[in-house]
Engineer: 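Take a look at this one; I'll ask things after.
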Amino acid sequence: MKRTAMEILIEWKNNPDRMPMVVKGARQVGKTWLMKEFGKQYFKNIAYINFDNDNNSELKNLFDGNFSTERIISGLSMESGINIEPEKTLIILDEIQNVPRALQSLKYFAEEQENKEKKYCIVAAGSLLGIALHQGTSFPVGKVDSMTLYPMSFIEFLEAIEQHKFVELLNKNDLQMISIFKDKFIEFLKLYYFVGGMPAAVLKYLKTKKLKEVRKVQQKIIDDYKQDFSKHAPNEVVPRINMVWNGIITQLSKENKKFVYGVLKKGSRAKDFEIAIQWLIDCGLCYKIDRIKKGNIPLNAYMDFSSFKLFILDVGLIGTMAFIDEKTLLQGNNIFTEFKGTLTEQYVCQQLISCLHKKPFYWSAENSDGEIDFIIQNDGRVIPIEVKAEENLNAKSLKVFVEKNKLDYGIRISMSNYRKENKLINIPLYCISQLFDIL
């Protein structure tokens, strides 16, 4: 598989001022594979250490001593059986949140190697790093580089299924040629809606081409996440985490997708579920999209902390949770029409975060039904985005928002071809990764 995050790691390796790299991301998005593949391709050897093993008391004892980097390197070398050489060996510290002092030690590696020509190359990862930090684990702020790995984007999915010509077409931004092959792009996009971007699900599709087998893998991932709730969350919070997780489908199926606590349990309030929601966000399983009151820069200065939407990390998983079968999704029917909008918003949210590296917000009017699905900030501009599942080009709220906030343009993302009408620009759903290049 080809992951665009590999480019970030290559750039990091070539930076003479690099510090230890921390790779964040939810469980099963491919962090371990990415780190090992990076080591295979760009280093002489790999020293892989997994802190999630039950028999890691020796490792804990190693970091319980002083933070002498040479002492720690010697211990890691003995544990891994690898002769660790600066610049030539990639040290991988996996599930590092299980040994907090190992995470803390990264600070000392950064400080002791600051002016050295040859440095130890360390990448560390943890599926539950965000949770560990909220529990009081010391994070070496300013002493590490960091990146977040997400499920595979649509463009990474096209690479995985060997549709390289279509990837080249997108990267060239040849909108005329893209429109000619519109039907093929829509076919691939629907397939991505089903398979999603979890690497195990994509691999199962590549090996079997059987979508029922893909669903089994996705259901297993969801079951594993639920086991994580019970294993890692405080006992008193687990039932509420399950209620939030299971209730996301219901919340997103509403016409107004704003998260409503009363939908989970009659009469409940924010204080009843805010810890559960934060737990899901911290372990990377949910994206929280906050409402803004105004379309001005900076967007986060106009946040309404009481209103938000929750999406999950992957479009394929949300389809699994909603029990959408392949025939319903790929062929479509009247029953599916309403939920199709939910899948499409989930897809767009996911691509904005993973491809364009933007934090999306949304806007809704105080006393009317006007709403903008997503709003992002880029190069000093506010960009409102309205999402349409089909070719519907109606965009009343978008027009009003653009005029009221005196913006340069608004974006409508739909199945229609690229077109520009006054201050409204339509971008095809399958071109969202190229949004800024097209603009």
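In this text, all values refer to a predicted model and were calculated from it rather than measured experimentally.
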Engineer: Taking the side chain from K107 and the backbone from E111, do they hold a donor-acceptor pair closer than 3.5 Å?
Structural biologist: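 The answer is no, because no donor-acceptor pair under 3.5 Å joins these two groups.
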Engineer: Which heavy-atom pair separates P151 from E156 by the least distance, and what is that distance?
Structural biologist: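 Of all heavy-atom pairs spanning P151 and E156, the closest is O-OE1, 4.2 Å.
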Engineer: Measuring from K309:NZ to K288:NZ, what's the distance to the nearest 0.5 Å?
Structural biologist: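 Interatomic distance, K309 NZ to K288 NZ, rounded to 0.5 Å: 14.0 Å.
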Engineer: Would you check if F63 and Q104 make a side-chain contact, meaning some heavy-atom pair closer than 4.5 Å?
Structural biologist: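 No - every pair of side-chain heavy atoms lies 4.5 Å or more apart.
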Engineer: So for atom CG, which belongs to N422, do other residues, nucleotides or ligands contribute more than 12 heavy atoms lying within a distance under 6.0 Å?
Structural biologist: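 It does not: N422 CG has 12 such atoms or fewer within range.
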Engineer: May I ask you to check whether over 12 heavy atoms, not counting those of I8, lie within 6.0 Å of atom CD1?
Structural biologist: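 More than 12 heavy atoms, drawn from other residues, nucleotides or ligands, come within 6.0 Å of this atom.
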Engineer: If I take atom CZ from residue R3 and atom CG from residue L9, how far apart are they, to the nearest 0.5 angstrom?
Structural biologist: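 Interatomic distance, R3 CZ to L9 CG, rounded to 0.5 Å: 11.0 Å.
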Engineer: Would a line drawn from the ring center of F188 to the ring center of F166 be shorter than 6.0 Å?
Structural biologist: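 Under 6.0 Å, so yes.
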Engineer: Does any N or O in the side chain of T342 come within less than 3.5 Å of the main-chain N or O of L252, such that one atom is a donor and the other an acceptor?
Structural biologist: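 Yes; at least one donor-acceptor contact below 3.5 Å.
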Engineer: Within the side chain of Q350, is there an N or O that forms a donor-acceptor pair under 3.5 Å with the backbone of V315?
Structural biologist: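 Yes, the answer is positive, given that a donor and an acceptor are paired below the 3.5 Å cut-off.
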Engineer: Assess the pair Y430 and F154: is the distance between their ring centroids shorter than 6.0 Å?
Structural biologist: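 When the ring centroids of Y430 and F154 are compared, they turn out to be at least 6.0 Å apart.
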Engineer: Tell me whether the NZ or CZ atom of R215 lies within the 45° cone about the ring axis of F323 and under 6.0 Å from its centre.
Structural biologist: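 The answer is no; the distance or angle limit is not met.
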Engineer: Kindly indicate whether the side chain of I413, heavy atoms from C-beta on, has any atom under 4.5 Å from the side chain of F374.
Structural biologist: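 No, too far: nothing below the 4.5 Å cut-off.
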Engineer: Charged N to carboxylate O below 4.0 Å: is that the case for R18 and E87?
Structural biologist: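 Looking at R18 and E87, the cut-off is met.
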Engineer: Where do Y225 and C283 land on the side-chain contact (heavy atoms from CB on, under 4.5 Å) test, with the steps shown first?
Structural biologist: CA-CA 10 Å; Y225 285 158; C283 61; over 6 Å; no
Engineer: Within the structure provided, determine whether D272 and R269 are in side-chain contact (heavy-atom separation under 4.5 Å).
Structural biologist: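 D272 reaches R269 side chain to side chain.
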Engineer: If every non-hydrogen atom of D145 is compared with every non-hydrogen atom of M19, which pair is closest and at what distance?
Structural biologist: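 Scanning both residues, the minimum pair turns out to be OD2-N, 2.9 Å.
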Engineer: Salt bridge check: are R412 and E421 linked by an N-O gap of less than 4.0 Å?
Structural biologist: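 Answer for the salt bridge query: yes.
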Engineer: Should the pair K359 and F361 be classed as cation-pi, given the thresholds of under 6.0 Å to the six-membered ring centre and 45° from the axis?
Structural biologist: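 Yes, K359 and F361 form such a contact.
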Engineer: So, for L149 and A5, which heavy atoms are closest and what is the spacing to 0.1 Å?
Structural biologist: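 Closest heavy-atom pair between L149 and A5: CD1-CB, 3.6 Å.
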Engineer: Has K13 got its NZ or CZ under 6.0 Å from the middle of the six-membered ring of Y42, at an angle within 45 degrees of the ring axis?
Structural biologist: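 No cation-pi geometry.
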Engineer: Can the ring centres of F308 and F259 be said to be less than 6.0 Å apart?
Structural biologist: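 Yes, close enough.
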Engineer: Salt bridge check: are R27 and D228 linked by an N-O gap of less than 4.0 Å?
Structural biologist: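 Answer for the salt bridge query: yes.
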Engineer: Check whether any side-chain N or O of Q218 sits under 3.5 Å from a backbone N or O of F194 as a donor-acceptor pair, and report yes or no.
Structural biologist: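 A pair under 3.5 Å: yes.
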Engineer: If we ignore angles and hydrogens, is there a donor and acceptor under 3.5 Å between the side chains of N98 and D52?
Structural biologist: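 A donor-acceptor contact under 3.5 Å links the two side chains.
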Engineer: Taking V387's backbone N and O only, do any of them form a donor-acceptor pair with D373's side chain (distance below 3.5 Å, no angle check)?
Structural biologist: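 Confirmed, D373 side chain pairs with V387 backbone.
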Engineer: Is it true that a side-chain atom of K119 and a backbone atom of P16 form a donor plus acceptor pair closer than 3.5 Å?
Structural biologist: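 Pair found, side chain donor or acceptor close to backbone of P16.
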Engineer: What is the minimum heavy-atom distance between S105 and A102, and which atoms define it?
Structural biologist: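 Reported closest heavy-atom pair: OG-O, 2.6 Å.
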Engineer: For a quick test of reading the model, state the closest non-hydrogen atom pair linking I249 to I318 and the distance between them.
Structural biologist: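 Scanning both residues, the minimum pair turns out to be CD1-CG1, 3.4 Å.
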Engineer: Backbone N or O of V23 within a donor-acceptor pair of the K31 side chain at under 3.5 Å?
Structural biologist: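 The answer is no, because no donor-acceptor pair under 3.5 Å joins these two groups.
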Engineer: Just wondering, do N426 and N417 contact through their side chains at under 4.5 Å, heavy atoms?
Structural biologist: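 Not in contact.
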Engineer: Charged N to carboxylate O below 4.0 Å: is that the case for E326 and K209?
Structural biologist: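 The answer is no: the pair does not qualify as a salt bridge.
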Engineer: Do the side chains of I324 and Y193 get nearer than 4.5 Å, heavy atoms only?
Structural biologist: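 No, too far: nothing below the 4.5 Å cut-off.
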Engineer: If you measure only the distance, is there a donor-acceptor pair under 3.5 Å linking the side chains of E11 and N15?
Structural biologist: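 No.
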Engineer: Specify whether F109 and Y120 have parallel, tilted or perpendicular ring planes, treating 30° as the upper limit for parallel and 60° as the lower limit for perpendicular.
Structural biologist: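 Perpendicular: the ring planes of F109 and Y120 meet at over 60°.
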Engineer: Hey, what do you get for OH (Y287) to CD (Q346), rounding to the nearest 0.5 Å?
Structural biologist: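 Spacing of OH (Y287) from CD (Q346) equals 7.5 Å.
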Engineer: Report the distance from atom CG of L103 to atom CZ of F51, rounding to the nearest 0.5 Å.
Structural biologist: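 L103 atom CG to F51 atom CZ measures 9.5 Å (nearest 0.5 Å).
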Engineer: Begin with the C-alpha distance, continue with both residues' side-chain angles, and end with the deciding distance and a verdict on side-chain contact (heavy atoms from CB on, under 4.5 Å) for V244 and L310.
Structural biologist: CA-CA 9 Å; V244 173; L310 276 188; 3.9 Å; yes
Engineer: One pair to check against salt bridge (Lys or Arg N to Asp or Glu O under 4.0 Å): E213 and K220. What are the steps and the verdict?
Structural biologist: CA-CA 11 Å; E213 295 300 312; K220 173 71 165 55; over 6 Å; no
Engineer: Y418 versus C431: any side-chain heavy-atom pair under 4.5 Å?
Structural biologist: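 They are not in side-chain contact.
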Engineer: Has the side chain of Q351 got a donor or acceptor atom that lies under 3.5 Å from a matching backbone atom of L356?
Structural biologist: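 Side chain of Q351 to backbone of L356: no pair is present.
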Engineer: Should C355 and Y150 be marked as a side-chain contact (heavy atoms from CB on, under 4.5 Å) after you check the CA-CA gap, both sets of side-chain angles, and the distance that decides it?
Structural biologist: CA-CA 9 Å; C355 277; Y150 299 100; over 6 Å; no
Engineer: Work out which heavy atom in K265 is nearest to a heavy atom in S268; give both atom names and the distance.
Structural biologist: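 Smallest heavy-atom distance, with atoms named: O-OG, 2.7 Å.
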Engineer: Just do the side-chain contact (heavy atoms from CB on, under 4.5 Å) check on E386 and F401 with the steps written out, would you?
Structural biologist: CA-CA 11 Å; E386 190 160 290; F401 188 84; over 6 Å; no
Engineer: Give a yes or no answer on whether the side chain of K358 reaches the backbone of P360 with a donor-acceptor pair at less than 3.5 Å.
Structural biologist: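 Not at all, since once roles are kept as given, no pair shorter than 3.5 Å links the two residues.
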Engineer: Counting only heavy atoms not in E236 (residues, nucleotides, ligands), do more than 12 fall under 6.0 Å from its CD?
Structural biologist: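 For E236, atom CD is crowded (more than 12 foreign heavy atoms under 6.0 Å).
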Engineer: Is there a donor-acceptor pair closer than 3.5 Å between any side-chain N or O of K423 and the backbone N or O of L407?
Structural biologist: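 Yes, because the side chain of K423 sits within donor-acceptor range (under 3.5 Å) of the backbone of L407.
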Engineer: Classify the ring geometry between Y192 and Y347 as parallel (under 30°), tilted (30 to 60°) or perpendicular (over 60°).
Structural biologist: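 It falls in the perpendicular class, over 60°.
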Engineer: When rounded to the nearest 0.5 angstrom, what distance separates CG in N405 from CD1 in I375?
Structural biologist: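 So the gap between those two atoms works out to 7.5 Å.
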Engineer: Distance from K420 atom NZ to I427 atom CD1, nearest 0.5 Å?
Structural biologist: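 Those atoms lie 10.0 Å apart.
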Engineer: Are M198 and V29 close enough that some pair of their side-chain heavy atoms sits under 4.5 Å apart?
Structural biologist: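 Yes. Closest side-chain heavy atoms under 4.5 Å.
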Engineer: Answer whether the closest heavy-atom distance between the side chains of Q434 and I155 falls below 4.5 Å.
Structural biologist: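 Answer yes - side chains close enough.
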